[in-house]
Amino acid sequence: MRIWRNLHFALESAWQSFCRNAAVSLAAVISITLILALAGVSLLLGHALNQVLDAYKVRVSVINISVADNTPLNDVNDFAAQLRADPKVAHVQFVSKQEALAQFTSDPANAAVVKAMDGNPLAAKLEVTATHLSDVGAIDVMARQWPGVDKSNPTDYQGEFISRMLVLSTWVELGGLGLLAILVVISIVIVMNTIRTAVYHRRKEIEVMKLVGATEWFVRWPFVMEGVITGGVAGAVAVGLLTLVYHPFIQQFQGSLFFLPLSYDPQFAAVLGQRLLLAGALLGAFGSFIGVRRFVRI
């Protein structure tokens, strides 16, 4: 019962202090809302960019190995079996000359080329899907050493493009982590200053509580809960703003840049909303804990 009484007192005191210092609380909520919204936007943009990168990674993770016309089918099957046994290879599919021609002619963009074609100049090929994007280079080396490969056009390996994609993906992750770290520090500083203002206004009340034997945690909990309320309200507002703009933004983006493989992801939006709410509450609690500690001890 004592725990519940203390919790009730902490919540009631926190809410009273939050309302009593409405101007300061509102300023803190707005500031943290903007920071959390910026964090949410950066995460959404990072997710969108990762969607595009993942789509391109899937495409370039498939390497086509051209088969020379005079290569026996048994040799092709043996090499395909060798590739399947390699842990760097996820999937191998043989495409005959006729199938390659059918794939080529089915693409409307190739209509003009198809009309000018005489016979079937396309080679049979092995479509090899790498386990990881970084494995494509090793598969390319293996393919070029195979005697049955078409020497004039062995593979469609895009080494430079793949290297740039790997570097870009790394920088996107590092940049996102760096930005989030900066925003976390700013949020904590804002909450600390807000709680210190509340402590200053209640300094005489705290002094009386200490004189009658109140423990540090009994005095500290209301301010920690006030930080939770501040961060939680800011998180809820930020989630609401992001929910309103996320789907329309993706639709507008798809209409303007239809060639990019970008789509609305409601599951990610729901997870992001939960994390922003939790982040707001935790940042508020942590900032309050740091901000009030020195004053309560004094």
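Quantities reported herein were computed from a predicted structural model and do not represent experimental measurements. Start at 1 with the first residue, then count along the sequence.
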Given the rule in the side-chain contact (heavy atoms from CB on, under 4.5 Å) test, do N64 and T155 qualify, once you have shown the distances and angles that lead to the verdict? CA-CA 5 Å; N64 293 309; T155 69; over 6 Å; no

For I139 and Y157: C-alpha separation, side-chain torsions, deciding distance, then whether side-chain contact (heavy atoms from CB on, under 4.5 Å) applies. CA-CA 9 Å; I139 297 173; Y157 175 58; over 6 Å; no

Test log, rule side-chain contact (heavy atoms from CB on, under 4.5 Å), inputs D135 and D86: CA-CA 11 Å; D135 295 330; D86 195 312; over 6 Å; no

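Here the side chain of T71 pairs no donor or acceptor atom with the backbone of V76 at under 3.5 angstrom. Under a 3.5 Å cut-off, the side chain of K88 and the backbone N or O of A130 do not form any donor-acceptor pair. R144 places no side-chain N or O within 3.5 Å of a backbone atom of P154 that could act as its donor or acceptor partner.
We find the CE-CG distance between M142 and L83 to be 6.0 Å, quoted to the nearest 0.5 Å. To the nearest 0.5 Å, atom CG of residue L73 and atom CG of residue D78 are 9.5 Å apart. The CG atom of L36 sits 14.5 Å away from the CZ atom of R275 when rounded to the nearest 0.5 Å. How far CD of Q274 is from CG of L277: 8.0 Å, rounded to the nearest 0.5 Å. Here the CD atom belonging to Q145 is positioned 10.0 Å from the CG atom belonging to D140, to the nearest 0.5 angstrom.
Under the rule for a salt bridge (charged side-chain N to carboxylate O under 4.0 Å, His left out), the partners of E127 that lie at least two apart in sequence or sit in another chain are K125.
Residues L241 and V271 do not share a hydrophobic cluster, defined by chaining ILVMFWY side chains whose heavy atoms lie under 4.5 Å apart. No continuous path of hydrophobic side-chain contacts links V228 to L282 [ILVMFWY only; heavy atoms under 4.5 Å]. With hydrophobic clusters built from ILVMFWY side chains whose heavy atoms lie under 4.5 angstrom apart, F268 shares a cluster with L276. Residues V136 and V141 do not share a hydrophobic cluster, clusters being chains of Ile/Leu/Val/Met/Phe/Trp/Tyr side chains in contact below 4.5 Å. Side-chain heavy atoms closer than 4.5 Å link hydrophobic residues (I, L, V, M, F, W, Y) into clusters, and following such links, possibly through other members, connects I32 to I182.
Heavy atoms only, all atoms of each residue included: W146 and K151 are closest at O-NZ, 3.8 Å. The shortest non-hydrogen separation linking A100 to A123 is CB-O, 3.9 Å. What you find for V62 and D156 is that their closest heavy atoms are O-OD1, 4.5 Å. Here the shortest heavy-atom pairing between V239 and G273 reads CG2-O, 3.5 Å. Looking at every heavy atom in both residues, I65 comes nearest to A143 through CD1-CB, 3.5 Å. Annotation for A37 and A238: closest pair N-CB, 3.9 Å, computed over non-hydrogen atoms.
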